[in-house]
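Each remark here refers to the structure printed beneath this line.
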There are 2 protein chains.
Amino acid sequence: MAYRDTEKTRSKREEIRTRILQATHELVVSGGFRNTTIQAVSEQAGIATGTVYKHFPSKAELFSEVFRRATQKEVDKVAQAIVGQENVLLRLQRAIRCFAHRAIQSRGLAWALIAEPVDPVVDADRLEFRQAYAALFSDLIREGIAKQEIPLQSASVTSAAIVGSLAEALVGPLAPPPPTLQTNDRTLPSQQTEDALIDNIIRFCLQAVTGCAFIEDQHK
Amino acid sequence: MAYRDTEKTRSKREEIRTRILQATHELVVSGGFRNTTIQAVSEQAGIATGTVYKHFPSKAELFSEVFRRATQKEVDKVAQAIVGQENVLLRLQRAIRCFAHRAIQSRGLAWALIAEPVDPVVDADRLEFRQAYAALFSDLIREGIAKQEIPLQSASVTSAAIVGSLAEALVGPLAPPPPTLQTNDRTLPSQQTEDALIDNIIRFCLQAVTGCAFIEDQHK
DNA sequence: TAATAATGTGAATCCAGATTCATTTTATAA
DNA sequence: TTATAAAATGAATCTGGATTCACATTATTA
């Protein structure tokens with residue numbers, strides 16, 4: 001008889017699946033979720049529209065997976081920047097710098113992950129995404145409070161506020177390029193260089209947390 | 001011959017137009033933009049669907065006007081809270097309290113104005129909305145710097161960060177009730193009372209701006 | 001090679017709501 | 001009244017993109 005799953009079979013299936021995810025990711029990075037149609041995805045991946053549905057039950061599910069993958073990578077990076085034996089403030093600073101740097105490097109992605117209007121399924125993922133960051137920060141803040149490195153405060157409010165300031169200061173000022181990728185002539189607000197912007201954000205957040213800010217100069 | 005614009009005519013037209021705006025506003029407050037269909041609007045207003053289009057060129061335009069009206073009211077309130085001869089920090093505190101209080105009072109509206117995924121036309125309005133707040137704050141901060149009441153800093157970054165923290169701390173933790181208004185059992189994070197939450201946010205922002213925070217007790 | 005069963009294809013279908021428009025109602029001026 | 005035109009009506013159309021499905025390809029085992 002015929003056709004049991006074999007290595008070749010599985011690997012090819014995986015490969016197509018991956019190609020769909022990659023194609024979607026690329027389109028999202030350059031044009032956001034809104035402009036990413038199944039037709040465009042299949043074109044980009046070099047397959048037929050129907051094939052997409054042999055690998056993903058719906059557009060929402062596909063988007064959700066793309067979102068979660070991209071998101072997880074970002075959260076991991078920040079989590080990585082946070083670990084260490086140094087004092088809490090330094091680690092907080094490193095985490096914020098990491099977040100900011102990456103957001104600036106890849107604005108299209110940052111916008112899609114943080115600010116772009118998306119459908120409810122993906123929006124639910126985004127909630128988790130922000131909560132993941134907030135959790136990272138609030139753990140760190142609790143640790144800092146316990147070690148008496150920072151004053152007593154509501155870790156949950158502080159961490160939410162930090163996430164909010166990062167999002168707004170980094171993605172808000174950006175001209176949200178939703179429908180057509182418009183002429184991206186408007187660069188950062190008032191010619192701030194990336195480092196200056198990041199330093200400002202760090203000062204804001206550290207001061208908010210402690211009442212004072214010593215910015216370590218450890219760019220990149 | 002016949003039918004030149006008269007008082008009665010005009011006032012009736014106005015009245016219907018207003019009724020459409022009100023109906024839309026009510027639906028948005030209770031269910032967000034996404035769930036607000038033209039059909040629902042016309043039902044709520046007690047008119048036919050076609051009539052809506054006699055008063056507004058498209059759904060997007062109608063939504064845009066509703067958004068801008070609601071938004072302007074909020075911005076005005078905050079602007080009002082900001083004026084005065086007192087020191088800058090006190091006025092900043094008052095403005096933040098005003099924003100926060102109103103957002104908490106009317107969560108549905110706050111969510112629709114600040115966080116709900118909306119179509120591009122309305123999203124453009126939202127950008128202006130946030131910029132209006134940011135402009136309010138950044139003027140105040142520049143004033144404070146000039147008067148040496150607060151340290152030198154980037155007013156634009158600080159104000160964007162303030163707007164971001166407010167939005168995230170007030171609307172983010174909220175269970176975004178997008179598709180169906182789900183059982184809103186999850187109240188504020190960890191049973192914080194409104195005042196406690198607001199005080200936390202104010203401390204965060206004032207400290208971020210100055211390095212210290214004296215919270216005036218002038219609730220409401 | 002033949003039989004079997006996934007997988008790939010892409011044109012045709014579906015769908016939810018926005019939008020239209022032929023018809024009816026309401027108001028105005030003579 | 002009557003002729004005229006704006007406004008209201010809501011069933012019928014339109015639309016853009018997701019989703020389906022009958023058919024073609026490609027692997028797999030015997």
Side-chain angles (χ1 to χ4, degrees), chain A residues 1-21 23-24 27-28 31-66 117-122 178-180, chain B residues 1-21 23-24 27-28 31-66 117-122 178-180:
Chain A
M1 279 174 293
Y3 214 120
R4 209 176 318 167
D5 253 17
T6 181
E7 194 42 54
K8 205 165 159 194
T9 299
R10 176 168 17 267
S11 82
K12 181 162 188 187
R13 190 166 52 241
E14 290 287 286
E15 193 241 316
I16 298 248
R17 197 185 140 87
T18 301
R19 214 154 76 221
I20 294 172
L21 287 168
T24 308
L27 290 169
V28 166
F33 285 98
R34 179 178 292 268
N35 299 311
T36 303
T37 63
I38 291 294
Q39 167 135 23
V41 167
S42 53
E43 230 161 80
Q44 176 91 354
I47 56 176
T49 59
T51 305
V52 173
Y53 288 87
K54 283 286 183 349
H55 294 263
F56 297 91
S58 71
K59 189 194 185 194
E61 286 299 315
L62 167 60
F63 278 13
S64 174
E65 182 157 344
V66 168
V118 291
D119 91 37
V121 174
V122 177
T180 57
Chain B
M1 283 172 291
Y3 213 120
R4 210 176 319 168
D5 252 18
T6 183
E7 193 43 52
K8 205 164 156 195
T9 299
R10 177 169 14 270
S11 82
K12 181 161 185 187
R13 192 166 48 240
E14 290 287 286
E15 193 242 316
I16 297 248
R17 197 185 139 87
T18 301
R19 214 154 76 222
I20 295 172
L21 286 169
T24 307
L27 290 169
V28 167
F33 285 98
R34 178 178 294 267
N35 298 313
T36 303
T37 64
I38 293 294
Q39 169 135 19
V41 167
S42 53
E43 228 161 81
Q44 176 93 352
I47 57 176
T49 59
T51 306
V52 173
Y53 288 87
K54 282 287 182 348
H55 295 263
F56 297 90
S58 70
K59 188 194 185 194
E61 287 298 316
L62 167 60
F63 278 13
S64 174
E65 183 157 343
V66 168
V118 291
D119 91 36
V121 174
V122 176
T180 57

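Throughout, a chain's letter reflects where its sequence line sits, starting with A, and its residues are numbered from 1. Here the structure is a predicted model, which means the values were calculated and not measured.
Considering only side-chain atoms of Ile38(A), the nucleotide from dT9(D), dT9(C), dT19(D) that sits closest is dT19(D).
Dashed line: the shortest gap from a side-chain N or O of Thr9(A) to OP1 or OP2 of dT28(D) is under 4.0 Å. Distances shorter than 4.0 Å separate some side-chain N or O of Arg13(A) from OP1 or OP2 on dT7(C). Here Thr37(B) does not reach the OP1 or OP2 of dG17(C): none of its side-chain N or O atoms lies under 4.0 Å away.
Within residues 53-65 of chain A, the residues having any heavy atom under 4.0 Å from DNA chain D are, by residue number, Tyr53(A), Ser58(A), Lys59(A).
Protein atom CZ of Phe33(A) is 17 Å distant from nucleotide atom P of dG17(D), rounded to whole Å. Taking atom CZ on Arg10(A) and atom C1' on dA6(C), their separation rounds to 13 Å, with Å as the unit. Atom CD in Glu43(B) sits roughly 12 Å away from atom C1' in dG10(D) (whole-Å rounding). Between the CD1 atom of Ile47(B) and the C1' atom of dT24(C) there is a distance of 17 Å, given to the nearest Å. Between the C1' atom of dA6(D) and the CZ atom of Arg17(B) lies a distance of 17 Å, rounded to the nearest Å. Between Gln39(A) atom CD and dG10(C) atom P the separation is 11 Å, expressed in whole Å.
Base contact: Thr49(A) has a heavy atom under 4.0 Å from a base atom.
Listed by first and then second residue, the side chain to side chain donor-acceptor pair (under 3.5 Å) pairs that reach into residues 53-66 of chain B are Arg17(B)-Glu65(B), Ser64(B)-Arg68(B), Ser64(B)-Asp125(B), Glu65(B)-Arg69(B), sequence neighbours excluded.
Checking each of Asp119(A), Leu27(A), Val28(A) against Phe33(A) for a side chain to side chain contact (heavy atoms under 4.5 Å, CB included) leaves exactly one that passes, namely Val28(A).
The ring-ring contact (aromatic ring centres under 6.0 Å, His included) search around Phe56(A) returns none, not counting sequence neighbours.
Residues Arg19(B) and Gly46(B) approach most closely at NH2-O, 4.2 Å, considering heavy atoms.
Taking a cutoff of 4.0 Å between a charged side-chain nitrogen and a carboxylate oxygen, Glu14(A) and Arg10(A) do not qualify as a salt bridge.
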